[in-house]
Amino acid sequence: MAEEKGKITPQSQDFPQWYQDVIREADLAEVAKVVKGCMVIKPHGYAIWEKIQADLDKRFKATGHKNAYFPMLIPMSFLTKEAEHVEGFAPEVAVVTHAGGKKLPEGEEYAIRPTSETIIGHFFGKWIESHRDLPLLINQWANVIRWELHTRMFLRTTEFLWQEGHTAHANHDESMEEVMRMLNVYGDFAESVMAMPVIRGQKTESEKFAGAASTFCIEAMMRDGKALQAGTSHDLGQNFGKAFDVKFQTESGQVDYVWQTSWGVSTRLVGALVMSHSDDTGLILPPKLAPIHAVIVPIYRKTEERAAVLEAGHKLAADIREKGFCVEIDDRDGKRPGDKFYEWERKGVPMRIELGPRDIAAGTAVTKLRVGGEKVPRSLATLASDLPAVMDGFQAFLLDRAKQFRAENTVTVDSWKEFLEVFEAGQSKFVWAHWDGSRETEAAVKEETKVTIRCIPLPGQGPDSEPGACVKTGKPSACRVLFAKAY
RNA sequence: CGGGGCGUAGCGCAGUCUGGUAGCGCGCCAGCUUUGGGAGCUGGAUGUCGAAGGUUCAAAUCCUUUCGCCCCGACCA
């Protein structure tokens, strides 16, 4: 347990420790300690979440959704209305039993929301009367609490921040269209903004959301070969419509229950970002989510040099800001340039710009990208205008690298022996293998290997669909599914 | 809830067996010299030794009680 400041445990030595070290050294967050299972998201970490929020929020609005906010306290009775939903969430719900200095009367306790299907369902019931009120497309940015036993920063904490979309539709075709639309919003976001390739698929019965008719997800590969569910989109069918009596009058005058969906991503995405790109030097951020795109490190010896360098630095910073990028000048005295280089690398800033007397004389600055780059001198006159292309290139580089990593760690497996070999000694890869479709087989595989079915791929997301024999039982299978160890 | 471990300066730890002035490293503060890949020297500040009780001339150290945290096993975005 090397909690030593300034040190990052190599990935290859201890991946979970590496993850903690990167978060600490990049100053993203810290374990709250005084509050069980919770974390403090520090400014640099929160800035990344704000970038994620801003981009997603735009996408939600572009697809017709409106933001709203519902109470964090939910009457306990609401949670019990949908049978599978209670069963799924009961063990991890925190309940308010006392308020106003008194114990609340029996049956009047409140749950702190673990998710909002129930309370939103209740209000949908009040708001929806006619097919003319549909579709109703709502999103909420909120915090939720789930009393988890094992917590890990960003990946699983007692309280986390998320976004939950809740929609109601007049028929199943329309609600399914919404489920897929939002799954694709998440998929596109993951790939084009987070530079994180994902596989879109459907969850098996045992992995689906409690109370959903079906659950769809995007699954990403972390740098240890494990899978991380990065987003979900649920077809709720009419389950919550019936539980909360959300009825509407159809065009033909009949009365029907609404068809609902819900979909969400959380601050877990910050953890996904860390584990998708970062290395033994620290955090690596794709430009589209970097709170700081470039940092200027001034270099000088004498006071006159300092003044000249800082002046040139501020001018360069102004040029860069004009192009829409965020740049910082690290003019702290008493810290030497080398120390600053390491610090900004740990924080994942995509580009470093060194500016010293030699550069100013030559009209250049020395630039270096966070990954794989040589030091490149660039003209002060064109640096800012070159930046959009450079950042786009870096963004594309990270996506390509992640795709390549995933390709190298994805295998097609046809025998149980081979399956065991892939996952032995705590290893994980993405494995495409046949499955007989039974809950029992899925459970047996999990029991024996801790490997789960991450998803049944949507068309084009996995190998070409061809029938085969289940890797575990040999029984017939319609297509290959994605197996992996998961977070 | 079962098994294991740990609480001493902001962080990481030594000291506990064998009771006797509260220590080390990093960080922090001040000054000088430094500054193109983690600076050096000098000086300085910081502790209810997790908490309560007991034994003793004397407790971080021994005894009792208690609280908290971490790791491993059953749930999960």
Side-chain angles (χ1 to χ4, degrees), chain A residues 1-8 14 16-17 20-21 24-25 30-37 87-93 114-115 142-152 154-164 186 203 206-210 212 215 217-220 227-234 262-272 281-282 297-303 305-306 309 330-346 352-362 364-368 375 377 446-447 450 452 454 486-487:
Chain A
M1 226 168 299
E3 284 285 296
E4 210 175 327
K5 245 187 161 180
K7 252 201 191 152
I8 295 176
D14 183 346
Q17 187 60 52
Q20 304 282 8
D21 290 349
R24 183 190 65 244
E25 292 303 315
E30 69 180 60
V31 176
K33 293 210 172 144
V34 289
V35 187
K36 193 175 164 62
E87 203 187 318
F89 281 100
E92 52 186 75
V93 169
T115 180
N143 57 339
V144 291
I145 290 216
R146 297 183 186 177
W147 217 257
E148 303 284 358
L149 294 165
H150 280 164
T151 55
R152 244 184 299 200
F154 291 111
L155 301 178
R156 181 167 300 113
T157 46
T158 299
E159 179 184 13
F160 57 94
L161 306 181
W162 78 347
Q163 145 288 306
E164 46 182 327
Y186 290 151
K203 285 292 185 191
S206 55
E207 295 272 334
K208 77 171 194 201
F209 176 74
T215 288
C217 60
I218 53 171
E219 294 284 331
L228 184 79
Q229 180 175 314
T232 49
S233 186
H234 312 292
S262 69
W263 28 274
V265 297
S266 70
T267 35
R268 169 179 266 200
L269 289 180
V270 178
T281 309
V297 178
I299 294 157
Y300 47 82
R301 288 160 186 268
K302 303 176 215 114
T303 330
E305 281 179 352
R306 182 175 189 276
V309 165
D330 188 352
D331 61 357
R332 287 174 295 177
D333 275 325
K335 232 179 179 10
R336 302 168 93 218
D339 199 15
K340 294 177 183 177
F341 296 167
Y342 279 98
E343 179 173 334
W344 293 110
E345 278 169 10
R346 286 192 307 248
R352 178 179 82 228
I353 301 168
E354 298 170 32
L355 192 59
R358 291 208 299 262
D359 301 296
I360 292 173
T364 61
V366 175
T367 65
K368 187 172 188 296
K375 287 191 180 186
K446 186 176 181 182
E447 169 78 18
K450 294 195 177 165
T452 51
R454 301 319 305 154
Y487 276 94

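Values below: all heavy atoms of this structure, side chains included; hydrogens, waters and symmetry mates excluded. Proteins come first, then strands; the chains are lettered A, B, ... in the order of their sequence lines, and each starts at number 1.
Spacing of P atoms, B:U16 relative to B:C6, comes out at 14 Å, to the nearest Å. With P as the reference atom, B:U42 and B:G53 are 44 Å apart, rounded to whole Å. With both ends at atom C1', the span from B:G50 to B:A9 equals 15 Å, rounded to whole Å. Comparing the C1' positions of B:G54 and B:U61 gives a spacing of 15 Å, expressed to the nearest Å. B:G19 and B:G15 have their P atoms separated by 16 Å, given to the nearest Å. Taking the P atom of each, B:G25 and B:G68 are spaced 35 Å apart, rounded to whole Å. Rounded to whole Å, the P atom of B:G43 lies 13 Å from the corresponding atom of B:C24. The C1' atoms of B:C28 and B:C67 are separated by 31 Å, rounded to the nearest whole Å.
Across the protein-nucleic acid pair, A:R152 atom CZ and B:C72 atom P stand 8 Å apart, rounded to whole Å. In this structure, A:E164 places its CD atom 14 Å from P of B:A77, rounding to the nearest Å. Separating the NZ atom of A:K208 from the P atom of B:A77 is a distance of 13 Å, rounded to the nearest angstrom. Distance A:E343 CD to B:G27 P: 13 Å, rounded to the nearest Å. Between A:D339 atom CG and B:U34 atom C1' there is a gap of 13 Å when expressed in whole angstrom units. When the P atom of B:A39 is taken as reference, atom NZ of A:K335 falls 8 Å away, rounded to whole Å. Residue A:W147 contributes atom CH2, which lies 19 Å from atom C1' of B:A74 at whole-angstrom precision. When the P atom of B:A77 is taken as reference, atom CZ of A:R454 falls 9 Å away, rounded to whole Å.
Residue-level contact check: A:K340 touches neither bases nor backbone, having no heavy atom under 4.0 Å from any strand. Here A:F160 lies in heavy-atom contact (under 4.0 Å) with a base. Residue A:Y300 is classed as a base contact, given a heavy-atom separation below 4.0 Å to a base. Among the atoms of the strands shown, only primed sugar atoms or phosphate atoms (P, OP1, OP2) are found under 4.0 Å from some heavy atom of A:Q229. A:V366 comes within 4.0 angstrom of a base, heavy atoms only. A:T158 comes within 4.0 angstrom of nothing in the nucleic acid, heavy atoms only. Residue A:L155 is classed as a base contact, given a heavy-atom separation below 4.0 Å to a base.
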Before you tell me yes or no, could you show the steps for A:R152 and A:R268 under side-chain contact (heavy atoms from CB on, under 4.5 Å), namely the whole-Å CA-CA distance, both residues' side-chain angles and the distance that decides it to 0.1 Å? CA-CA 10 Å; A:R152 244 184 299 200; A:R268 169 179 266 200; over 6 Å; no
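At a cut-off of 3.5 angstrom, counting only N and O atoms as typed in the model, there is a donor on one side and an acceptor on the other between the side-chain of A:E345 and the base of B:G37. Put simply, the side chain of A:R301 and the base of B:G36 share no donor and acceptor less than 3.5 Å apart. Between the side chain of A:D359 and the base of B:G36, at least one donor-acceptor pair of N or O atoms lies under 3.5 Å.
Look at A:K450 and you'll find a side-chain N or O under 4.0 angstrom from OP1 or OP2 of B:G73. A close approach under 4.0 Å does not occur between any side-chain nitrogen or oxygen of A:R336 and OP1 or OP2 of B:U34.
Considering only the side chain of A:E148, B:A77 comes nearest among B:G36, B:G38, B:A77. For A:R352, taking side-chain heavy atoms from C-beta onward, the closest of the listed nucleotides B:C75, B:U35, B:G37 is B:G37.
Shown here, B:G20 forms a base pair with B:C57; the pair counts as Watson-Crick or G-U wobble because both key distances fall under 3.5 Å. In this entry B:C32 has B:G40 as its Watson-Crick or G-U wobble partner, both defining distances falling under 3.5 Å. The pairing partner recorded for B:G2 is B:C72, the criterion being a Watson-Crick or G-U wobble arrangement whose two distances lie under 3.5 angstrom. Nucleotide B:U48 forms a pair with no other nucleotide shown, judged by Watson-Crick or G-U wobble geometry with both contacts under 3.5 Å.
The residue among A:I360 and A:E207 whose nearest nucleotide of RNA chain B is located toward the 5' end is A:I360.
Residue A:K368 places its NZ atom among more than 12 non-hydrogen atoms of other residues, nucleotides or ligands, all under 6.0 Å distant. For A:R332, the CZ atom counts as densely surrounded, since its 6.0 Å shell holds more than 12 non-hydrogen atoms of other residues, nucleotides or ligands.
Electrostatic pairing of A:K203 and A:E219 counts as a salt bridge here, judged by a charged N lying under 4.0 Å from a carboxylate O.
Between A:Y186 and A:W263, the ring planes lie perpendicular to each other; the angle is over 60°, past the 30° to 60° tilted range.
Residue A:I8 holds its CD1 atom at 7.0 Å from OG1 of A:T281, rounded to the nearest 0.5 Å.
In this structure, A:F341 forms no aromatic stack with the base of B:G37, since the conditions of centre separation below 5.5 Å and plane angle below 30° are not both met.
A:D359 places a side-chain N or O within 3.5 Å of a backbone atom of A:G356 that can act as its donor or acceptor partner.
Closest heavy-atom contact between A:P298 and A:D330: CD-O, 3.1 Å.
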